[in-house]
Amino acid sequence: MAFAGLLALLGLTVAASRLRIGPWGVALAIAIASAKAGLVMAFFMQLRRRGALVTVFALGGVLWLGILFALAFADYATR
Amino acid sequence: MSETPQVVQMQFEDAEQQSEAAQLGMWTFLASEALFFGGIFLGYAAMRALHPDAFAEASGSLDVVLGTLNTALLLLSSLFMALADLAVHHGSKRRQIVLLGLVAALGLAFLGIKLYEYHHEWTLGNVPVLQWSREGARDDGAMLFYVLYFAMTGLHAIHMIVGIGAMFVVIFMIHFGKAGSHRPLPVEMLALYWHFVDIVWIFLFPMLYLIGGGSG
């Protein structure tokens, strides 16, 4: 079930890459990849089952990654 | 459905607390790994923003078909890994070993394809320093792209090799009764690690292969 969804997203990723929508292409690719990662985390890694504390730890990692990218690009964007 | 009674280490109150402690530890490790890969992803993102055309052109030499196949293989391996995780709680020893073996086989197939791709880049003269045949300044985007390509996929491949090695270790552990329904944590933790390596590739694939229409 979740796997079917993942494959569908994969197909979507490749198809979407062929649309030449310029700078939005990157955002779209990342959005689709994030959706796939979310599915893997929720179902395969059982975050849905395991309870709040484990989810906090997992999302904490994502949050820190976000801080890394946000601050780095804030620098580039304001040069 | 009754579960096999599990071995609980003496510092834990019950199996559930023991399992949660292991998961928290594993997720913390995975968070550190995410930042580890995150650093090189950031480098890639910044360089791509600075050299969009060179990156798009260089990305064209990567085979999207093989990349897509590899992505599908890893997603499938994650499915089998999740099933193995399930089998550790509700399945037979044989089922656990077969599923883990399938995960390892898919992982090896992925690495085989990767090796073929590396060879292809070698014949095209796209390997920086070792086999480079493009003209142009050293600071142009193409060499940057390939350095990042080999570094990122190489780092990922090393993680896969470690994961496959651990897979065989766990298979032996189950075979000799050191892990399994009575002691599911090795399988559960390996599963989390393997899914993480899959997620890294899920981001690597579009970033490297699908820039600018994915030609080639």
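Note on naming: letters A, B, ... go to the chains in the order of the sequence lines (proteins, then strands), and numbering restarts at 1 for each one. It should be emphasised that the depicted structure is a prediction, and the values quoted were computed from it without experimental measurement.
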Please state whether the side chain, the backbone, both or neither of B:Phe37 comes within less than 4.5 Å of a heavy atom of chain A.
neither
Take the angle between the ring planes of B:Tyr116 and B:His120 and call it parallel below 30°, perpendicular above 60°, tilted in between.
parallel
State yes or no: are the ring centers of B:His156 and B:Phe205 separated by less than 6.0 Å?
no
Scan side-chain atoms only and decide if B:Ser61 and B:Tyr146 contain a donor-acceptor pair under the 3.5 Å cut-off.
yes
Check side-chain hydrogen bond (donor to acceptor under 3.5 Å, both in side chains) between B:Asp14 and all other residues, then give those that pass, not counting sequence neighbours.
none
Go through the atoms of B:Leu50 and report whether side chain, backbone, both or neither lie under 4.5 Å from a heavy atom of chain A.
side chain
Kindly check if the number of other-residue, nucleotide or ligand heavy atoms within 6.0 Å of NE2 (B:His182) is above 12?
yes
May I ask you to name which of B:Leu35, B:Leu83, B:Val200 has the most heavy-atom pairs under 4.5 Å with chain A?
B:Leu35
Once the angle between the rings of A:Phe69 and A:Phe73 is folded into 0 to 90°, is it parallel (under 30°), tilted (30 to 60°) or perpendicular (over 60°)?
parallel
Chain A-proximal positions within residues 98-109 of chain B [heavy-atom distance under 4.5 Å]
none
So what's closer than 4.5 Å to chain A heavy atoms on B:Glu16: side chain, backbone, both or neither?
neither
Side chain, backbone, both or neither: which part of B:Ser19 has an atom under 4.5 Å from a heavy atom of chain A?
side chain
When the ring planes of B:Tyr193 and B:His159 are compared, do they come out parallel, tilted or perpendicular, using 30° and 60° as the limits?
parallel
Would you say the side-chain atoms of B:Thr68 and B:Tyr209 include a donor-acceptor pair closer than 3.5 Å?
no
A:Leu53 versus chain B, heavy atoms under 4.5 Å apart: side chain, backbone, both or neither?
both
Side chains of B:Trp194 and B:Leu74 in contact at under 4.5 Å (non-hydrogen atoms):
yes
